[in-house]
Amino acid sequence: MRIDVVSLFPDFIAQCAAFGVTGRAAERGLLSLHGWNPRDHAEGNYRRVDDRTFGGGPGMVMMIDPVRAALVAARDADPAPARVVYLSPQGVPFTQAKAREFAAQPRLILLCGRYEGVDERLLQAEVDEELSIGDYVLSGGELAAAVVIDAVARLQDGALNDAESASQDSFEDGLLDCPHYTKPVVHALGEVPAVLLSGNHAEIARWRRMHALGRTWQRRPDLIDEAALSPADRKLLDAYRAGLAEVGDDADG
Ligand code: ADE
């Protein structure tokens, strides 16, 4: 997969391909990342890319022409069709389902705004969708683009080692992940739940599912409402709640 990023800070984006799973995906040739700087397409001695917002008020707006030229350069760099995504707090929420959708594309162009954003006419003309990574305001789209790149890179076939299988991730089935433990079994901070040491795969799977359901119910009730829980899941969730009633307020351990 090829991802192009239009940003005033392409060096920031290049760092995504330097570390961890994204770095490995790039190394293995599963993902290529390319930066395009609107400033390289700006005119005049100052290579200006922004100007005041019409209507008054604070903040600057990125101008159409330099951004558009960078976008066109990115698009023309490869013949495969590209989906153009603008990162902004006004976008639709980025989800694991969206990451999967993107991961199946041959190309993605991520457009990062700075200041008050990009002239709306450019967005209307060139952008396929506007995406937000959460209900908070960042100083620019670069961190959001890095989030999208990471989520998409780890879904490329061969990006993860067996031990990191993406199908086990949180959200793949609409639920949060269950708790995980490693050595030592006994520690001053507590003991590993006995069932995880039992070797009984059916019991372990049941415990994990119950805790995934329970955590999601406690922390993200909105996800529980959306998830189509089977009768077996409902029973597990009831068992989790019953366990909570027994031990007090926390059945995570
Ligand atoms: N740019 C600034 N804030 C953002 C957010 N929350 N999501 C995506 N892009 C952004």
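Any value given below was found using the heavy atoms of this structure, including those in side chains, with hydrogens, waters and symmetry copies removed. Treat the numbers as computed from the prediction; the structure is a model and nothing was measured. In listed order, ligands and their atoms are each counted from 1.
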**Message:** Is the ring pair F94/F102 parallel, tilted or perpendicular, if the boundaries are 30 and 60 degrees?
**Reply:**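 Parallel.
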**Prompt:** W207, L176: one ILVMFWY side-chain cluster at the under-4.5 Å cut-off?
**Reply:**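 Shared cluster, no.
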**Message:** When you compare the side chains of S7 and E142, does any donor N or O come within less than 3.5 Å of an acceptor on the partner?
**Reply:** yes
**Under 3.5 Å side-chain donor-acceptor pair for E191 and Y181** =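 No, Y181 and E191 have no side-chain donor paired with an acceptor closer than 3.5 Å.
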Pairs of nitrogen or oxygen atoms, one from ligand 1 and one from the protein, closer than 3.5 Å: please tabulate them with distances.
unit_1: ligand 1; atom_1: 3 (N); unit_2: L138; atom_2: N; d: 3.0
unit_1: ligand 1; atom_1: 6 (N); unit_2: G134; atom_2: O; d: 3.1
unit_1: ligand 1; atom_1: 6 (N); unit_2: Y136; atom_2: O; d: 2.8
unit_1: ligand 1; atom_1: 7 (N); unit_2: I133; atom_2: N; d: 3.0
unit_1: ligand 1; atom_1: 9 (N); unit_2: S88; atom_2: N; d: 3.1

**Message:** Quick test of your reading of the model: are K98 and E101 salt-bridged, counting only N-O distances below 4.0 Å?
**Reply:**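 Salt bridge flag = yes for E101 with K98.
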**Request:** Could you tell me whether the side chain of L8 reaches within less than 4.5 Å of the side chain of P38, counting heavy atoms only?
**Result:**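 The answer is yes; the side chains approach within 4.5 Å.
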